[in-house]
Amino acid sequence: EANGFFTPEINQNPAAEPFSIVIPPPNVTGTLHMGHALQHTLMDVLTRWKRMLGFRTLFLVGVDHAGISTQLMVTRQLKKDEHKTPQDVGREVFTAKVWDWKNKYGGEITQQIRREGLSVDWTRERFTMEENLSRAVREVFVRLYEEGWIYRGTRIVNWCPRDKTVLSDLEVKEEKAKDGKLYYLRYPIAGVGEGEKGRGGENPQSEIRNPQSYITVATTRPETMLGDTAVAVNPEDERYKDLIGKTIALPLTGREIPIVADEYVESNFGTGAVKITPAHDANDWEIGERHGLEKLVVMNDDATMNSAAGEAFAGLDRFEARTKVVEEFEALGLLEKIEDYDVTLPHCERCKTVIEPLLSEQWFVKMDEMRDLALTLMREENLPRFFPEVPHKKVYTTWLENLRDWTISRQLWWGHQIPAWYDKDGQVYVARTKEEAVASAETTDLTQDPDVLDTWFSSALWPFSTLGWTGEEERETGRRGDGETDKSDLDVFYPTDVLVTGRDIIFLWVSRMVMTGLKFMGERPFDDVIIHGTVLDKNGQRMSKTKSNGIDPLDVFATYGVDATRMTLAGSATGIDFAWRDERVESFRNFSNKIWNATRFCLMNSDGTTNISLLANTANLSLPDKWIISRLNKTAKAVNRALGTYQFHEAVQLLYHFFWDDFCDWYIELKKDEITAGDATASAFILTILEQALRLLHPFMPFLTEELWQKLPGVSNALHNSAYASSEQTIMLTTFPTGDDSLIDEQAESAMASVIELITKIRNIRAEMNIKAGDRVSIHIAADNAMRTVLASNEAQIKKLARADKIVLANSLDVPKASARAVLTGNAEIAVPLEGLIDFEMERARLQGQIEKLDLELQRLNGQLSNANFVEKAPKEKVDELRDRKGEIDNQAATLRQNLEALN
RNA sequence: AGUCUCUUAGCUCAGUUGGUAGAGCAUUACCUUGACAAGGUAGGGGUCAGCAGUUCGAGUCUGCUAGAGACUACCA
């Protein structure tokens with residue numbers, strides 16, 4: 001960070017392609033959790049990878065002002081410290097206190113992001129409430145208003161009675177109620193059974209005998225009956241046909257309300273009759289509109305009943321009112337029954353209070369046209385591309401198709417205040433500034449709308465507002481951009497390349513960025529969207545504060561290291577939920593250790609080494625050297641391919657196995673003698689391979705690889721990508737290996753496979769025949785010329801790794817009966833004479849086991865090859881492959897059988 | 001209710017155009033080998049949820065069934 005490696009300016013190549021990612025801004029109140037750690041890791045892997053490939057790379061970081069959360073937090077603090085409410089201190093003082101809080105505590109998450117090792121550009125850090133971003137918000141609001149896409153209206157909205165603000169549909173979470181009930185209430189029909197009404201309480205039986213005197217409605221929310229202005233039935237419902245047009249004497253209110261017919265009512269649900277409360281239910285509102293019903297508001301904004309609910313109920317909380325209404329109905333004999341009923345209720349996402357649908361005047365965005373922009377982009381260009389595509393592309397598209405208007409005003413003080421002013425007569429003036437409003441109102445006597453905008457309104461502009469767009473210069477000059485530096489940022493880095501986020505905000509955020517990006521920039525905000533999975537606890541449960549089953553990434557960092565944590569997170573399949581297991585991080589902690597120790601070995605005898613060589617001509621190299629170069633380049637190619645399609649876990653697996661299996665288990669072991677003998681060439685060579693491996697690992701494990709890379713002899717900025725030639729030396733700016741086809745050597749790989757197979761078979765014999773670790777054996781090998789040449793040239797390594805003191809290579813085997821036998825791929829036979837050591841019974845069992853395995857495979861192959869259909873219809877190469885394989889196995893099995901017979 | 005995903009070794013999970021089932025952890029035996037015991041070497045362990053179909057061939061494609069889960073809408 002101090003060296004400026006994370007700013008795009010570090011790139012000196014004027015022709016460098018840009019690569020940009022914007023961070024999903026964490027809440028200013030937030031602290032790091034596993035979800036962050038996951039998405040941050042993926043973004044940083046991509047960023048470091050692209051930077052090393054020479055892209056002009058920007059990973060833009062910033063924080064979201066998080067309206068409701070932050071206001072709640074500061075409100076709580078105010079109460080604790082000063083025993084005051086926001087209203088006590090007033091808007092101006094309160095807002096100042098929020099800023100104080102932000103400046104003091106808002107930095108926690110940014111420090112944690114540094115701890116994660118994210119290579120974000122801190123010089124461009126953004127905050128949604130800062131001036132430039134706020135200007136962008138006002139500009140967008142005004143333009144949408146002028147086009148008629150933003151409007152003010154009175155509707156049923158989601159109201160949180162505790163936060164006392166409206167919420168958008170997406171900020172409402174449906175949850176099952178603990179003890180839902182369905183109440184059956186009898187509404188007396190006016191003019192029928194007149195006179196009986198008064199006696200209802202004394203003799204409810206008479207009511208039942210006279211079903212014509214009432215209509216029963218079922219409801220989960222009896223308290224709303226105080227605001228009923230109709231009862232609706234289906235027009236086709238025979239039971240109620242005659243009642244349509246009649247009226248009801250609504251109990252407890254003294255009001256008379258009509259019975260209306262509406263298709264919305266389903267005859268076979270409940271009683272087939274629905275009470276209609278237009279001011280307190282969205283569907284009832286629609287019915288009310290259709291039938292011109294009165295909209296009677298019976299609740300206050302804190303969910304207590306108001307005076308319209310009647311004297312007996314005014315001031316009661318909604319749940320108290322519910323109890324009281326039910327009691328009163330029971331007393332009147334009008335409560336038919338109460339049933340248990342599973343009901344899901346909307347809750348405030350932040351404070352978990354049950355949402356109250358409330359009639360209220362708010363600001364909305366009409367989404368139709370922007371929605372069409374987004375749908376067209378998907379239909380015509382398949383953008384953005386979702387990873388994984390299934391199911392997110394469809395979910396996104398379907399949601400857009402059914403999109404409804406967006407409620408954007410919030411009754412809060414912390415946020416972007418709506419740029420609308422009212423004069424004395426209530427006339428509204430929407431303007432970028434008060435001056436502008438004054439100019440068009442021709443009076444200074446204006447009051448600004450007290451509400452602020454939904455936090456997601458500013459988030460929706462994030463990909464371009466953070467790059468400097470305020471719309472002002474564009475408006476004045478017809479050109480896009482704002483100021484010298486910012487202008488170039490927008491030109492260079494918009495659209496961004498990829499967005500990494502969780503599936504819970506595809507609608508809240510991703511879709512809205514696409515829509516505003518298309519509308520205001522004329523271009524998509526990003527090409528690709530990676531939707532990562534959810535990190536669950538070890539029992540597969542969602543982590544949550546209430547369950548206190550969360551795993552704190554900072555604890556994991558402390559125990560296992562950031563790099564091991566990053567490998568674990570990147571190592572989980574893209575888009576799939578996964579249960580957190582400490583064992584998994586442990587294995588990557590062990591991997592870190594392995595890298596550390598392997599590097600230690602490579603450095604042990606490197607005193608004379610000053611150069612990390614570059615890999616080029618392999619003609620004069622030994623087999624293990626050619627082999628490791630080939631493996632390295634294959635791995636590099638595969639890693640680049642995997643990252644290119646965001647298969648992070650694939651890349652992790654490749655790197656893990658290349659480093660551990662190929663490099664540590666085989667290459668180091670094969671070269672050990674040379675290195676420890678002080679062979680400078682071998683030492684320089686192994687360091688070269690190691691250095692390449694560290695580069696490949698760097699995007700995933702930045703701390704460890706940098707630490708070790710700096711310790712290697714001869715590293716310098718000469719190893720940098722040419723775009724960073726003059727920078728301070730760091731692995732971060734070296735060239736990421738992409739793999740070179742000309743260095744992939746299949747011949748070397750297959751020759752090495754023979755050596756490995758031989759060593760493994762000998763070790764197997766040693767283990768199964770209980771040969772002591774210290775005992776040396778002789779190995780007799782019968783093989784063709786080619787294989788003999790390969791094995792002969794690697795005799796020293798084979799002796800060492802198989803713990804042999806003698807190797808005899810020949811055309812055919814000439815060994816004592818008391819030998820352990822095995823076969824190799826390619827018609828080679830091996831034998832280990834065990835005079836005096838061999839237990840014939842054990843050897844017979846061992847051979848028998850090998851033969852059985854081969855027979856099993858042979859059976860399968862014979863089955864397929866004797867199937868005429870297979871031979872006829874399968875591709876010729878496939879058939880030949882199986883024939884070759886069968887020949888090989890036949891030979892091996894025959895040899896082992898002979899060996900077995902020879903023992904008898 | 002609609003849409004979708006998942007079910008593979010004891011556990012947690014990979015498996016990208018259909019062609020001999022993989023990893024990590026756990027497990028068994030052996031090992032103070034000059035990088036590494038948080039390690040090494042050699043093993044054991046799976047009728048890929050079930051049924052049917054397409055195909056020469058299915059973990060992979062289609063349909064159904066059974067479990068688990070996700071999202072969206074509704075819920076008088």
Side-chain angles (χ1 to χ4, degrees), chain A residues 169 174 180 182-184 217-221 224 231-232 264-266 269-277 281 283-284 341-345 388 390-392 394-395 398-399 402 503-504 506-507 534 538 540 560 568 571-573 575-584 586-604 641-642 645 647 649-650 652-653 656-657 664-665 668-669 672 675-676 759-761 763-768 770-774 800-801 803 856-857 860-861 863-864 867-875 877-879 881-882 885 889:
Chain A
D169 293 344
E174 298 286 336
L182 193 58
Y183 303 85
Y184 289 77
V217 297
T219 179
T220 55
R221 310 187 55 213
T224 61
V231 166
Y264 164 78
V265 180
E266 287 176 42
F269 189 93
T271 62
V274 188
K275 59 187 278 307
I276 302 300
T277 323
D281 182 283
N283 288 309
D284 290 8
Y341 187 69
D342 279 341
V343 61
T344 52
L345 294 176
V390 177
H392 300 114
K394 190 172 173 185
V395 168
T398 311
W399 183 79
N402 299 300
R503 65 175 79 89
D504 51 334
I506 294 177
F507 307 141
T534 310
K538 66 178 192 299
Y560 300 105
T568 308
S572 65
I576 308 292
D577 292 354
F578 69 102
W580 183 265
R581 297 252 127 194
D582 278 349
E583 293 92 323
R584 205 162 155 74
E586 222 169 297
S587 81
F588 284 113
R589 185 270 317 265
N590 295 352
F591 181 56
S592 309
N593 224 16
K594 193 76 179 173
I595 297 171
W596 180 273
N597 284 319
T599 304
R600 222 168 53 145
F601 172 78
C602 295
L603 288 172
M604 265 173 64
R641 201 182 313 122
T645 52
Q647 304 277 92
H649 65 291
E650 176 75 14
V652 166
Q653 288 304 309
Y656 185 94
H657 288 112
C664 292
D665 288 352
I668 287 183
E669 294 303 331
K672 194 167 265 181
I675 306 278
T676 49
I759 293 170
T760 305
K761 290 266 159 111
R763 283 169 170 175
N764 175 271
I765 288 172
R766 297 182 60 106
E768 307 233 325
N770 295 323
I771 293 166
K772 286 204 197 93
K800 180 178 163 63
L801 297 184
R803 319 218 100 216
L856 219 60
E857 193 178 342
R860 244 201 328 262
L861 289 169
Q864 269 188 285
N867 181 343
N869 279 325
F870 172 73
V871 179
E872 228 172 87
K873 295 188 183 175
E877 308 81 64
K878 199 75 222 168
V879 179
E881 191 185 314
L882 288 196
R885 179 83 189 135
I889 307 272

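Every heavy atom of this structure was used, including side-chain atoms; hydrogens, water molecules and symmetry mates were not. We name chains A, B, ... by the order of the sequence lines, and we start the count at 1 in each one.
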Within a strict 4.5 Å, meaning less than it, do heavy atoms of the Arg763(A) and Ile759(A) side chains meet? yes
Quick check: do Lys275(A) and Asp284(A) have side-chain heavy atoms less than 4.5 Å from each other? no
Taking atom [atom1] in both [N] and [M], compute the distance separating them and give it to the nearest angstrom.
N      : M      : atom1 : result
G43(B) : G22(B) : P     : 14 Å
G59(B) : U17(B) : C1'   : 16 Å
A49(B) : U7(B)  : P     : 7 Å
A68(B) : U12(B) : P     : 16 Å
G40(B) : C36(B) : P     : 12 Å
A58(B) : A38(B) : C1'   : 41 Å
G44(B) : C25(B) : C1'   : 16 Å
G10(B) : G34(B) : C1'   : 38 Å

So what does [X] hit on the nucleic acid, given a heavy-atom distance under 4.0 Å: a base, only sugar-phosphate, or nothing?
X         : answer
Ile576(A) : sugar-phosphate
Arg589(A) : base
Gln653(A) : sugar-phosphate
Tyr341(A) : sugar-phosphate
Thr760(A) : sugar-phosphate
Asp665(A) : sugar-phosphate
Glu881(A) : nothing

Watson-Crick/G-U partner (both atom distances under 3.5 Å) of [N]:
N      : answer
G57(B) : none
G43(B) : U27(B)
U72(B) : A1(B)

Kindly indicate whether the side chain of [X] and the base of [N] share any N or O donor-acceptor pair separated by less than 3.5 Å?
X         : N      : value
Glu768(A) : C30(B) : no
Arg766(A) : U41(B) : no
Lys594(A) : A38(B) : no
Ser587(A) : C25(B) : no
Lys394(A) : C4(B)  : no
Glu669(A) : A35(B) : yes

Tyr656(A) and Phe591(A) aromatic centres sub-6.0 Å: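 Yes, ring centres under 6.0 Å apart.
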Arg860(A) or Leu345(A), whichever maps to the more 5' nucleotide of RNA chain B: Arg860(A)
Comparing Tyr656(A) with Asn764(A), nearest RNA chain B nucleotide closer to 5' gives the residue Tyr656(A)
Looking at Glu857(A) and Arg885(A), does any basic side-chain N land under 4.0 Å from a carboxylate oxygen?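 Salt bridge flag = yes for Arg885(A) with Glu857(A).
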Between Arg503(A) and Asp577(A) (salt bridge meaning N to carboxylate O under 4.0 Å), is one present in this structure?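 Judged by the 4.0 Å cut-off on N to carboxylate O distance, Arg503(A) and Asp577(A) do form a salt bridge.
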With sequence neighbours left out, what residues match Lys800(A) under salt bridge (charged side-chain N to carboxylate O under 4.0 Å, His left out)?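 Result, salt bridge (charged side-chain N to carboxylate O under 4.0 Å, His left out) vs Lys800(A): Asp673(A).
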By salt bridge (charged side-chain N to carboxylate O under 4.0 Å, His left out) - contacts of Glu881(A) (at least two apart):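 If we apply the salt bridge (charged side-chain N to carboxylate O under 4.0 Å, His left out) test to Glu881(A), skipping adjacent residues, the hits are Lys878(A).
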Separation of U20(B) C1' from Asn867(A) CG (nearest whole Å): 16 Å
